[in-house]
Visitor: 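Would you mind keeping the following structure in view while I ask a few things?
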Amino acid sequence: MLNFVDSVQAAVAGIKDGSTVMIGGFGNAGQPFELIDALLDCGATDLTVVNNNAGQGDQGLALLIKEGRVKKMICSFPRQSDSWHFDAKYKAGEIELELVPQGNLAERIRAAGAGIGGFFTPTGYGTTLAEGKETRFLDGKWQVFETPIHADVALIKALKADGKGNLVYRKTARNFGPIMAAAAKQTIVQVADIVPTGALDPENVVTPGIYVNTVVKVAGSGSAAEKAA
Amino acid sequence: MLNFVDSVQAAVAGIKDGSTVMIGGFGNAGQPFELIDALLDCGATDLTVVNNNAGQGDQGLALLIKEGRVKKMICSFPRQSDSWHFDAKYKAGEIELELVPQGNLAERIRAAGAGIGGFFTPTGYGTTLAEGKETRFLDGKWQVFETPIHADVALIKALKADGKGNLVYRKTARNFGPIMAAAAKQTIVQVADIVPTGALDPENVVTPGIYVNTVVKVAGSGSAAEKAA
Amino acid sequence: MSLTETSIKTSDAPLGRDDLARLVAKDIAPGSFVNLGIGQPTLVSNYLTEEQNITLHTENGMLGMGPEATGDDIDGDLINAGKIPVTELPGASYFHHADSFAIMRGGHLDICVLGAFQVSATGDLANWHTGAPGAIPAVGGAMDLATGAKDVFVMMTLLTREGASKIVDACTYPVTGVGCVTRVYTDKAVFLTGPDGVTVRETFGITLEELQELVPVPLKAAAAVGLQDQAAP
Amino acid sequence: MSLTETSIKTSDAPLGRDDLARLVAKDIAPGSFVNLGIGQPTLVSNYLTEEQNITLHTENGMLGMGPEATGDDIDGDLINAGKIPVTELPGASYFHHADSFAIMRGGHLDICVLGAFQVSATGDLANWHTGAPGAIPAVGGAMDLATGAKDVFVMMTLLTREGASKIVDACTYPVTGVGCVTRVYTDKAVFLTGPDGVTVRETFGITLEELQELVPVPLKAAAAVGLQDQAAP
């Protein structure tokens, strides 16, 4: 069932300890900052987090990690110039890391949403990231068996939602949103604007409302530029 | 390289005997009738055709089959009230049939475009259509191993193309177009309209031009309604 | 676990196709996403109310499908899986075939309503092929629908024209999916199917004992397993 | 198959980063779809001409990427894979991450240009991880880029700061992809790599004999294998 709620606190209130939480965004674009802050405030712990990165600076996901609320990161690019909270936890052996090539991350998330039990891909073949994984020669190439990444919850950001929960995004802020929305049992979306049902052209809906459970309007969250400013 | 050509004859001229040809459309919606007619005229034979159906009435794909130009059909729903040309060839043992559940057809085509060497899906498990196929218990369900369907050529219909070959479709005529465009080595598109580059909103492009090789404008081919009328 | 007449709902007469469609429609929970198969299941859409806020999916690429199109509303680019012209409701969306079947196969549809040749005691479905020698097979989206939806409802007459039960111990027709059917709506009764066998939720113009004589698998009454009130999923 | 100075192009001096970027840009066939990796490869975009009609892909979800954004054009929702604000050209398109990597992984990109720590004689690429003890690994899209594009070009200095060749018999750093690199652009020479080993296409301020002394794998001259004129893919 689709719910529209008035606050990010209400939006994340149902997230339980031990959940697997997908968080959208690539860099600042598409990061649901306010939902992540609310997740920090709500106290849920022992989380497995799926995101492209492992937190940056002293905000959002980085703080979740700093506070010890993340037991495992599934991501493609944890190490950055400002990923100090992850770095510290990782070196202390206090956080588990599943490092996944970015395209495998995307495709494994997509597989979860699409009901695919696993797939073979050439990406990673012959590398340390494929060690111990099943391989098979298909279509003239060696390929590696990869499995879907399911989640209990997805926190994503979109530009607009209509009354049916249909979503549109903005430019490269689209990134992981649509596939995470499909892969999670509960999808929580922050949008800059809620428009009347019928205001979105059915040809241009990117995420159909069937993938959306909770929508919260966060004023001014339409562009990461505004956040950065 | 992207080409704009003046006639459907020029568009299909490069199709060789023995090719695997994907043909878009579901029912009349999205069927590239004029391209199929041109394929019939150009004489290419010994074809493997991928389509949801196996021809209807006395037009298009049905005529290709009647003329003995199709050695194999890969489709989900060959038998219809007016599929008499396929029926006759099939009963005479003159055409090979690979019957594929519709969702597997779509996902296998998608896999070819996405570089997936194979995948497991619950669809078809325990049925005669999965006989002889590898099965595996994944995510709590028995699943069947399916492989991508590649093609030499895709013939599809879209509503508009811009100068970069970006495509938009119309309503349920979208159906197989986007995934076939990605799965074929050569994608040939008939459109109702060619618009200047920049006239399509980048947020709303459905098939990016990277998947398109040849575009031909066919006046009045925007709606199957017009065709039927 | 014995059959007791008082433990389930009954009505005076067998249900006609429209009455059955009305019953299925009533059983669909508000806000559900539903796919209605070709044929008898399509009738269900006539009885869905606006308050139920049901969103219909058609596997050829649309959510938010409206009623069948008539007159000037007929548009050849807007058809359903049965290739019938339909309409678009506010809040609709279009997508390509792989995305559309991902909705189904990924388990996102709440309910799929299908016709059937046979349903087995454990919910195996046979509805795609008679298996007759020489018959040309055609499957369409039947196997995806059977496998993907959270709940698969079957609508059918209980008996064949020859009087044989379509609820069977094991399907003799080629199966469409294994253990996938959760509920069977027939003219004579509503059955719940699953790993534990067949439970009768209600009967129409027939006693449980009479029903048991028609159906070659052991029937349980709903009350016996606490399902009396499970009218909606 | 002996090295003969006259069989390949030469120039008087080693190439600087910008000259190398200019050379790579010139070698990209008109109409190509290209992904430029983070770092040195990004320079290539400065030398692509309008006549070439090259479309740039950024794996975070866009085709038709324009130059880096400045001033008022900076939009936090429009960034490249290096998280740098960029612009949008007419005819651009946006898509989600799985669709974007499908473009790459499905073999639809003509060329991907990447930096590297090492390239082996048979085109193995090492560019994602030093493998140093205690280093936190991060891979991003490197493995997808290495595996997916039709041609993978590497841009790098031929030698490490310590003077060791980055073209090696076998990578000592962890590999990113196996047998994926087709061409290596360095300050001292352009190399073609593949199953048959390493061929030198042209040299910059160095003789083939001197080059062979620096590189620990056997070098062939381009003319010897008929590649003299293969300046563009």
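Only a predicted model underlies this, so the values are computations on that prediction, with no experimental measurement involved. So you know, we letter chains A, B, ... as the sequences are listed, proteins then strands, and number each from 1. Note: hydrogens, waters and symmetry copies are ignored here, and every other heavy atom, side chains too, is used.
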Visitor: Picking from D/Pro85, D/Gly148, D/Ala126, D/Ala98, which has the most non-hydrogen pairs under 4.5 angstrom with chain A?
Guide: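 Ranked by heavy-atom pairs under 4.5 Å with chain A, first place is D/Ala98.
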
Visitor: Where on A/Ile109 is there a heavy atom nearer than 4.5 Å to chain D: the side chain, the backbone, both, or neither?
Guide: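 The answer is neither part of A/Ile109.
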
Visitor: Would you call A/Lys160 and A/Asp193 a salt bridge, using N to O less than 4.0 angstrom?
Guide: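 No, A/Lys160 and A/Asp193 are not salt-bridged.
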
Visitor: In Å and rounded to the nearest 0.5 Å, what is the CG to CD distance from A/Asp87 to A/Gln80?
Guide: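 Answer rounded to 0.5 Å: 9.5 Å.
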
Visitor: Under a 4.0 Å threshold between the charged nitrogen and the carboxylate oxygen, would D/Asp151 count as salt-bridged to D/Arg183?
Guide: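 The answer is no: the pair does not qualify as a salt bridge.
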
Visitor: Would you mind checking which part of D/Asp99 comes under 4.5 Å of any heavy atom in chain A, side chain (CB onward), backbone (N, CA, C, O), both or neither?
Guide: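 For D/Asp99, no heavy atom lies under 4.5 Å from chain A.
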
Visitor: So D/Asp75 and A/Arg170, do their side chains get closer than 4.5 Å, heavy atoms only?
Guide: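 Side chain of A/Arg170 against side chain of D/Asp75, heavy atoms only: contact under 4.5 Å found.
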
Visitor: I need the residue from A/Val206, A/Asn53, A/Leu129 with the largest number of non-hydrogen atom pairs under 4.5 Å to chain D.
Guide: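 Of the candidates given, the most pairs with chain D belong to A/Leu129.
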
Visitor: What pair of heavy atoms forms the shortest contact from A/Ile149 to A/Met22, and how long is it?
Guide: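 Minimum heavy-atom separation between A/Ile149 and A/Met22: O-CE, 3.1 Å.
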
Visitor: Report the option among D/Val86, D/Thr147, D/Leu145, D/Thr58 that has the most heavy-atom pairs separated by less than 4.5 Å from atoms of chain A.
Guide: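 When all of D/Val86, D/Thr147, D/Leu145, D/Thr58 are compared, D/Thr147 has the most.
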
Visitor: Working to the nearest 0.5 Å, report the span between CG of A/Asp201 and CG of A/Asp162.
Guide: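 Atom-to-atom, A/Asp201:CG and A/Asp162:CG are 11.5 Å apart.
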
Visitor: Give the member of A/Met180, A/Gln102, A/Lys141, A/Glu107 that has the highest number of heavy-atom pairs under 4.5 Å with chain D.
Guide: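 Answer, by heavy-atom pair count under 4.5 Å with chain D: A/Gln102.
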
Visitor: Show me the pairs that pass ring pair (Phe, Tyr, Trp, His ring centres under 6.0 Å) and involve residues 170-191 of chain A, at least two apart or across chains.
Guide: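 Of all non-adjacent pairs touching residues 170-191 of chain A, those that pass ring pair (Phe, Tyr, Trp, His ring centres under 6.0 Å) are A/Phe176-D/His97.
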
Visitor: Is it the side chain or the backbone of D/Phe101 that comes within 4.5 Å of chain A heavy atoms, both, or neither?
Guide: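 Contact with chain A is through the side chain of D/Phe101 alone.
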
Visitor: Could you check which of A/Pro101, A/Gly177, A/Ala106, A/Gly103 has the highest count of heavy-atom pairs closer than 4.5 Å to chain D?
Guide: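 So the answer, after comparing A/Pro101, A/Gly177, A/Ala106, A/Gly103, is A/Gly103.
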
Visitor: Taking 4.5 Å as the heavy-atom cut-off, does anything in residues 117-125 of chain D contact chain A, and if so which residues?
Guide: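 Answer by number: none.
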
Visitor: What residues of residues 131-143 of chain D make heavy-atom contacts with chain A at a cutoff under 4.5 angstrom?
Guide: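 The list, in residue order, reads D/Gly134, D/Ile136, D/Pro137, D/Ala138, D/Val139, D/Gly140, D/Gly141, D/Met143.
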
Visitor: Checking A/Phe86 against chain D: side chain, backbone, both or neither under 4.5 Å from a heavy atom?
Guide: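 Side chain of A/Phe86 only, per the 4.5 Å heavy-atom cut-off to chain D.
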
Visitor: So which residue, A/Asn104, A/Leu105, A/Ile179, ends up with the most heavy-atom pairs under 4.5 Å with chain D?
Guide: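 The answer is A/Asn104.
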
Visitor: Compute the ring centroids of D/Tyr185 and D/Phe153, then answer whether they are less than 6.0 Å apart.
Guide: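 Yes - the distance between ring centres of D/Tyr185 and D/Phe153 falls below the 6.0 Å cut-off.
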
Visitor: Return the CD1 to OG1 distance between A/Ile116 and A/Thr147, rounded to the nearest 0.5 Å.
Guide: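 Spacing of CD1 (A/Ile116) from OG1 (A/Thr147) equals 13.0 Å.
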
Visitor: Let me know if A/Val100 has heavy atoms under 4.5 Å from chain D in its side chain, its backbone, both or neither.
Guide: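 For A/Val100, the contact with chain D is made by the backbone alone.
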
Visitor: Can you tell me how far the CD atom of D/Glu50 sits from the CG atom of D/Leu89, to the nearest 0.5 Å?
Guide: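 It is 9.5 Å, given to the nearest 0.5 Å.
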
Visitor: Taking only residues two or more places apart in sequence or in another chain, which ones pass ring-ring contact (aromatic ring centres under 6.0 Å, His included) with D/His108?
Guide: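 Testing D/His108 for ring-ring contact (aromatic ring centres under 6.0 Å, His included), a comparison that skips the adjacent residues, returns B/Tyr211.
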
Visitor: With rounding to the nearest 0.5 Å, note down the distance linking CE in D/Met65 to OG1 in A/Thr172.
Guide: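 One finds 10.5 Å between CE of D/Met65 and OG1 of A/Thr172.
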
Visitor: What pair of heavy atoms forms the shortest contact from A/Asn51 to A/Ile23, and how long is it?
Guide: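 Heavy atoms of A/Asn51 and A/Ile23 come nearest at ND2-O, 2.7 Å.
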
Visitor: Whether A/Lys72 and A/Glu98 form a salt bridge (side-chain N of Lys/Arg under 4.0 Å from carboxylate O of Asp/Glu) is what I want to check.
Guide: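 Salt bridge flag = yes for A/Lys72 with A/Glu98.
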
Visitor: For D/Thr176, is it the side chain, the backbone, both or neither that has a heavy atom under 4.5 Å from a heavy atom of chain A?
Guide: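 The answer is the backbone of D/Thr176.
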
Visitor: Can D/Glu88 and D/Tyr94 be said to form a side-chain hydrogen bond (donor to acceptor under 3.5 Å, both in side chains), step by step?
Guide: CA-CA 10 Å; D/Glu88 166 191 301; D/Tyr94 297 104; 2.5 Å; yes

Visitor: Sort A/Phe26 into side chain, backbone, both or neither according to what part of it lies under 4.5 angstrom from a heavy atom of chain D.
Guide: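 Both backbone and side chain.
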
Visitor: Counting heavy-atom pairs under 4.5 Å with chain A, which one of D/Leu78, D/Asn80, D/Ile79 comes out on top?
Guide: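 If we count pairs closer than 4.5 Å to chain A, D/Ile79 comes out on top.
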
Visitor: Do the charged groups of A/Glu131 and A/Lys133 touch, with an N to O distance under 4.0 Å?
Guide: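 Salt bridge between A/Glu131 and A/Lys133, a charged N being under 4.0 Å from a carboxylate O: no.
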
